[in-house]
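Below you'll find the structure, written out as structure tokens, and then a few comments.
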There are 2 protein chains.
Amino acid sequence: MKDFHIGLIGMIAGVCTTASFLPQIIKILRTHHARDISLGMYIALATGILLWLVYGILVRRLPIILANSVAVVFCGIIIAAKLVYNGGARK
Amino acid sequence: MKDFHIGLIGMIAGVCTTASFLPQIIKILRTHHARDISLGMYIALATGILLWLVYGILVRRLPIILANSVAVVFCGIIIAAKLVYNGGARK
């Protein structure tokens with residue numbers, strides 16, 4: 001398979017995993033509830049995403065670099081939203 | 001940087017992002033609540049992880065293959081748990 005097509009699959013993969021955070025961000029901001037969400041998950045995830053970013057730079061693979069650059073920001077937004085809305089009383 | 005060290009960073013990154021699902025799985029199974037969790041997030045994430053797995057196989061990078069093989073299973077468990085515990089009434 002050509003490098004272009006491989007890169008394209010990586011780009012689509014990156015769009016999916018990165019954009020996946022958006023429904024969760026929207027859900028928390030809309031409901032103001034984040035109690036069921038695990039803070040530990042997003043701290044481990046943010047750490048891992050930062051390391052994938054370093055890895056992507058080292059192996060010089062653009063899809064890995066782009067996806068993880070954006071994903072770490074989204075992950076940070078979820079951590080912040082979790083901290084803000086964690087105690088939101090369920091009505 | 002040597003290929004071994006680059007691979008090691010990838011492996012640690014993979015362990016972090018893959019293991020990150022575990023606190024969320026444990027939290028849902030313990031509380032029986034998953035209402036705040038976005039189903040859309042995990043469906044997009046599972047799709048993206050499957051594509052990263054294909055990408056990892058095509059670029060022949062073991063950390064990408066290993067991490068995403070396990071991650072897709074964990075992601076599936078969260079989707080199943082979300083479907084089972086979505087309607088759990090908050091006491």
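Only heavy atoms go into these numbers, but all of them, side chains included; no hydrogens, no water, no symmetry mates. Below, read A as the first sequence line, B as the second, and so on, with proteins coming before strands; counting in each chain starts at 1.
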Report yes or no: do A:L62 and A:L50 belong to one cluster of Ile/Leu/Val/Met/Phe/Trp/Tyr joined by side chain heavy-atom distances under 4.5 Å? no

Within one Ile-Leu-Val-Met-Phe-Trp-Tyr cluster: B:L66 and A:V54, side-chain cutoff 4.5 Å: no

Using 0.5 Å steps for rounding, measure from the CD1 atom of A:I37 to the CE atom of B:M41. 8.5 Å

For residues 58-77 of chain A, which residue pairs qualify under side chain to side chain donor-acceptor pair (under 3.5 Å), counting only residues two or more places apart or in two chains? none

Sort out for me which of B:I49, B:L53, B:I64 touches chain A most, counting heavy-atom pairs under 4.5 Å. B:I64

Taking all non-hydrogen atoms of both residues into account, name the closest pair between B:K27 and A:R35 and its distance. CE-O, 2.9 Å

Winner by heavy-atom pair count (cut-off under 4.5 Å) against chain B, out of A:L45, A:T31, A:T47: A:L45

Give every donor-acceptor pair under 3.5 Å between a side-chain atom in residues 3-26 of chain B and any protein atom, sequence neighbours left out.
| residue | atom | partner | partner atom | Å |
| --- | --- | --- | --- | --- |
| B:T17 | OG1 | A:W52 | NE1 | 3.1 |
| B:T17 | OG1 | B:A13 | O | 3.1 |
| B:T17 | OG1 | B:G14 | O | 3.4 |
| B:T18 | OG1 | B:G14 | O | 2.7 |
| B:T18 | OG1 | B:A67 | O | 3.1 |
| B:S20 | OG | B:T17 | O | 2.6 |
| B:Q24 | OE1 | A:S38 | N | 2.9 |
| B:Q24 | NE2 | A:D36 | O | 2.9 |

